[in-house]
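Accompanying notes for the structure given below.
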Amino acid sequence: MRTPIVAGNWKMNKTAADAVALVKALLDNGIDQIAGVEAVVCPTFTALDAVSRLCEGTNLAVGAQNLYFEPNGAYTGEIAPEMVAEFCKYVIIGHSERRGYFGETDETVNKKLKAAFGAGLLPILCVGETYEENQAGKTADVVTSQVKADLAGLTADQVASMVIAYEPIWAIGTGLAATGEQAQQVIHDYVRVPVTEMFGEAAAQAMRIQYGGSVKPSNAQEFFGQPDIDGALVGGASLKPDFTEIVKAAAEAK
Ligand code: PEP
């Protein structure tokens, strides 16, 4: 049985002081007391130190939103895997905003996944199709080819330990969530099945696959009731203390 994982991607929101205030509110709400689910917050780099101190000794895990694949050197403005690992258990890799605005490709995503594992981090890999691709019936091709290219060269053990977030790009920040059935079908057929083919049944069954795209307290149950959906990657609705309600919904569904 997979433990669901609900992660909040705060994107470029909240100063370190604002981040501390939100984590305090989440802990006051009992976010780390909810059994049977893993809760994660992913603030900006500048808040990781303060947030990781607050989360020490709690069950609330911390993740980063990105890293660079080189270990150190002349890469102005970038953050190395080992630097992220000082503060984090998880790291989001290949978010559609990074692919869309910052030129990330399956090749760089693959390098980042390997670098993350090398530093002892657990990646949350994002895959998903655009609205145009969805409407053109290309969801299967796009998602499966991302999965295959991004995971190439990883070991079955690494894949078993990581998380994939299926995030249809048309549902991110738009209020247009996929239905639970749509997300289940893509996650099973175009993510878990190709992972089974590449890495075997045991790894594919152990790997947790989230849905992401306009998840909020009022619709979370619809996704968490699906057999292959093991939690959510949450953007906008993770910026408020009632993010805890989404974590509770994941615990109640399993
Ligand atoms: C995201 O940023 O990964 C995301 C799913 O955002 P939202 O929940 O706001 O759609």
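Each ligand, and each atom within it, is numbered from 1 in the order the structure gives.
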Quick one: nearest non-hydrogen protein atom to [atom], plus distance?
{"atom": "atom 9 (O) of ligand 1", "result": "Gly236 N, 2.8 Å"}
{"atom": "atom 8 (O) of ligand 1", "result": "Gly235 N, 2.8 Å"}
{"atom": "atom 3 (O) of ligand 1", "result": "Glu167 OE2, 2.7 Å"}
{"atom": "atom 1 (C) of ligand 1", "result": "His95 NE2, 3.3 Å"}

Can you list the atoms of ligand 1 that are under 4.0 Å from a heavy atom of [X]?
{"X": "Gly213", "answer": "5 (C), 10 (O)"}
{"X": "Ala171", "answer": "10 (O)"}
{"X": "Ser214", "answer": "7 (P), 8 (O), 10 (O)"}
{"X": "Leu233", "answer": "3 (O), 5 (C)"}

* Is it true that Arg208 and Glu38 have a side-chain N and a carboxylate O under 4.0 angstrom from each other? -> yes

* **For ligand 1, the portion of Asn9 having any non-hydrogen atom under 4.0 Å away** => side chain

* Would you mind telling me if ligand 1 is within reach of the side chain of Ala237, the backbone, both or neither, using heavy atoms under 4.0 Å? => neither

* Are Phe199 and Leu151 close enough, and set up right, to give a side chain to side chain contact (heavy atoms under 4.5 Å, CB included), and what steps lead you there? -> CA-CA 10 Å; Phe199 298 98; Leu151 300 184; 3.9 Å; yes

Without placing hydrogens or testing angles, list every side-chain donor-acceptor pair under 3.5 Å for residues 233-240, not counting sequence neighbours.
from: Ser238; atom 1: OG; to: Val234; atom 2: O; distance (Å): 3.2
from: Ser238; atom 1: OG; to: Gly235; atom 2: O; distance (Å): 2.7

* If you count the non-hydrogen atoms of other residues, nucleotides and ligands that lie under 6.0 Å from CD in Glu82, is the total more than 12? -> no

* Can you establish whether the number of heavy atoms outside Arg2 located under 6.0 Å from its atom CZ is more than 12? => yes

* Structure fact -> Looking only at non-hydrogen atoms, the one of Ala232, Gly173, Cys126, Gly212 nearest atom 10 (O) of ligand 1 is Gly173

* Asked: In terms of ring plane angle, is the pair Tyr75 and Tyr68 parallel, tilted or perpendicular, where the classes change at 30° and 60°?
  -> tilted

* With clusters built from Ile, Leu, Val, Met, Phe, Trp and Tyr whose side-chain heavy atoms come within less than 4.5 Å, directly or transitively, what are the remaining members of the cluster of Tyr101, listed by chain and number? -> Phe102

* **Polar side-chain atom of Thr144 near backbone of Asp141 as donor-acceptor pair, under 3.5 Å** => no

